[in-house]
Amino acid sequence: MPELPEVEALKDFLTEHLVGHEIVRVLPVAISVLKTYDPPLAALEGREVTAVHRHGKFLDLVTDGGPHFVTHLARAGWLHWKDELPSGMPRPGKGPLALRVALETGAGFDLTEAGTQKRLAVYVVQDPQEVPGVARLGPDPLADDFDEARLAGLLANERRQLKGALRDQSLIAGVGNAYSDEILHAAKMSPFKLAASLTPEETTRLYAALRDTLTEAVERSHGVAAGRLKAEKKSGLRVHGRTGEPCQVCGDTIREVSFSDSSLQYCPTCQTGGKPLADRRMSRLLK
């Protein structure tokens, strides 16, 4: 799933390639992608894109005097830029293509989604706060006013484990499964540690890991073409998706805990005092 750094990079890429250009056609290929109907997609056509914003993991295309085009790429969605879009109408039901946006230049982008779980979402709204997922977002962890005290306040009454708290978009916007693993590894904390149990020193460490991990990932992604962002993300991950590989910090073997629809990765030596975490379906921690 694209997370804050990749969506931030897409925002910068689209700012460069879309702003100042006119949307001439929006073609829905998979009807399931469209989550609103008023204003219609046609309300975007003939309007100039004036800005591109990011709200957590949502992309927001602003049009001159018209509605916003807001999209969430979900787990298996992606944006593919094309300097020259294919001629002709795309055919529904053929491949992963979900929606196409064409500019007056002949360029544009496709939104695609792999797999059978269709969660890619597009909203056409007058205000991005009309999108439920945007309206419930917590603060952006890279915002200037997101300081250590703000993080401490957010976690003070959280009885959840750190892994779940970091992934909650209503608590902190933009962090998903991959970067929560990376942040906790950098902070040297167990994913199962209770958020409200952090000492002031641990909060300082988590805050530094949160800001540094996301800032470094954004910097790595800056200037990378949209089509190469997935590979760039994977290359920069130290623990997520690296089960069985040696930890780049201590050399211990990266381990995994599997859930029904996801998994987490961690280093026992760096994060859990050398104790491997058990699959939560059996127990929380091997004694």
Side-chain angles (χ1 to χ4, degrees), residues 1-9 56-57 138-144 146-156 158 160-169 171-222 224 229-257 259 262-277 285:
M1 175 186 290
E3 299 179 36
L4 185 156
E6 294 76 51
V7 179
E8 180 73 10
K57 293 186 256 184
D140 192 292
L142 293 186
D144 292 340
F146 190 91
D147 56 14
E148 186 179 326
R150 185 107 186 249
L151 177 63
L154 291 170
L155 299 180
E158 275 294 331
R160 290 177 294 177
Q161 297 165 342
L162 279 174
K163 173 72 175 181
L166 289 175
R167 291 185 63 188
D168 183 352
Q169 300 303 294
L171 190 72
I172 300 172
V175 178
N177 196 31
Y179 286 109
S180 57
D181 283 351
E182 297 300 302
I183 290 163
L184 291 170
H185 178 255
K188 299 185 181 300
M189 292 181 185
S190 168
F192 291 171
K193 185 176 182 64
L194 290 180
S197 71
L198 296 185
T199 65
E201 184 277 331
E202 288 173 329
T203 301
T204 298
R205 207 163 75 230
L206 181 63
Y207 176 77
L210 173 66
R211 295 277 288 203
D212 291 348
T213 298
L214 295 177
T215 298
E216 290 168 7
V218 169
E219 290 173 350
R220 284 197 310 271
S221 299
H222 183 72
V224 176
L229 281 170
K230 286 184 180 181
E232 173 57 39
K233 175 181 180 179
K234 185 175 181 180
S235 70
L237 300 177
R238 292 187 173 188
V239 288
H240 186 79
R242 298 194 180 278
T243 303
E245 298 180 20
C247 172
Q248 297 177 28
V249 174
C250 72
D252 195 1
T253 302
I254 301 298
R255 299 192 182 227
E256 175 177 308
V257 176
F259 303 91
S262 65
S263 63
L264 65 83
Q265 286 80 45
Y266 70 100
C267 170
T269 294
C270 290
Q271 297 175 252
T272 60
K275 296 180 180 180
L277 300 174
L285 183 64

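Given the structure is predicted, the values throughout are model-derived calculations rather than measurements.
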Practice item. Could I get the full list of side-chain contact (heavy atoms from CB on, under 4.5 Å) partners for Pro139, not counting sequence neighbours? Key: Phe146, Arg150, Leu154

Exercise for review: Compare all side-chain heavy atoms of Leu184 with those of Leu264 and state whether any distance is below 4.5 angstrom.
Suggested key: no

Review point. Just how far is it from atom CG of Leu171 to atom CG of Leu166, taken to the nearest 0.5 Å?
Key: 8.0 Å

Check your understanding: Going by heavy atoms in the side chains, are Tyr179 and Leu237 under 4.5 Å from each other?
Key -> yes

**Study point:** Distance-minimising heavy-atom pair for Ala196 and Ala156
**Key:** CB-O, 3.4 Å

Check your understanding: Looking only at atom types and distance, does a side-chain atom of Glu219 sit under 3.5 Å from a main-chain N or O of Leu214, one as donor and one as acceptor?
Key -> no

Exercise for review: Could you tell me whether the side chain of Leu151 reaches within less than 4.5 Å of the side chain of Ile172, counting heavy atoms only?
Suggested key: yes

Check your understanding: Atom CD in Glu201, atom CG in Leu206: separation rounded to 0.5 Å?
Key -> 10.5 Å

Practice item. Could you tell me which non-hydrogen atom of Pro246 sits nearest to which non-hydrogen atom of Gly251, and how far apart they are? Key: CB-O, 3.8 Å

Review point. Hey, does the side chain of Gln265 reach the backbone of Gly241 with a donor-acceptor pair shorter than 3.5 angstrom?
Key: yes

Practice item. Would you indicate whether the side-chain heavy atoms of Ser190 and Leu277 approach each other to under 4.5 Å? Key: yes

**Study point:** Shortest non-hydrogen separation from Cys270 to Cys247 and the atoms involved
**Key:** SG-SG, 3.8 Å

Exercise for review: Verify the distance criterion only: is there a donor paired with an acceptor across the side chains of Thr203 and Glu148 at less than 3.5 Å?
Suggested key: no

Practice item. For the residue pair Ser262 and Arg167, establish whether any side-chain heavy-atom pair is separated by less than 4.5 Å. Key: yes

Exercise for review: Report yes if some heavy atom in the side chain of Pro141 is under 4.5 Å from a heavy atom in the side chain of Tyr207; otherwise report no.
Suggested key: no

Review point. Salt bridge check: are Lys163 and Asp181 linked by an N-O gap of less than 4.0 Å?
Key: yes

Review point. Is Glu3 reaching over with its side chain to a backbone N or O of Gly176, donor-acceptor style, under 3.5 angstrom?
Key: yes

Practice item. Please answer whether the main-chain N or O of Met1 pairs with a side-chain N or O of Lys233 as donor and acceptor at a distance below 3.5 Å. Key: yes

Study note, to complete from the structure: Of all heavy-atom pairs linking Ala173 and Gly56, the shortest is CB-CA, 3.9 Å

Exercise for review: Any chance you could lay out the side chain to side chain contact (heavy atoms under 4.5 Å, CB included) test for Tyr266 and Val257, step after step, and finish with the verdict?
Suggested key: CA-CA 9 Å; Tyr266 70 100; Val257 176; 4.0 Å; yes

**Study point:** Lys234 side, atom NZ; Arg242 side, atom CZ - distance, nearest 0.5 Å
**Key:** 7.5 Å

Point to revise | Pair His185-His240, side chain to side chain contact (heavy atoms under 4.5 Å, CB included): steps then yes or no | key: CA-CA 9 Å; His185 178 255; His240 186 79; over 6 Å; no

Exercise for review: Evaluate the criterion side chain to side chain contact (heavy atoms under 4.5 Å, CB included) for residue pair Arg238 and Val249; output intermediate values, then yes/no.
Suggested key: CA-CA 9 Å; Arg238 292 187 173 188; Val249 174; 3.7 Å; yes

Point to revise | Pairing residues for Ala195 by the side-chain contact (heavy atoms from CB on, under 4.5 Å) criterion, not counting sequence neighbours | key: Leu155, Glu158, Leu162, Ala165

Practice item. Look up atom CD1 in Ile254 and atom CD in Gln271, then write down how far apart they are to the nearest 0.5 Å. Key: 7.5 Å

**Study point:** Under 3.5 Å donor-acceptor, Ser180 side chain and Asn177 backbone
**Key:** yes

Exercise for review: For the residue pair Glu8 and Leu142, establish whether any side-chain heavy-atom pair is separated by less than 4.5 Å.
Suggested key: no

Practice item. Flag the pair Gln169 / Lys57 as yes when at least one side-chain heavy-atom distance between them is below 4.5 Å, and no otherwise. Key: yes

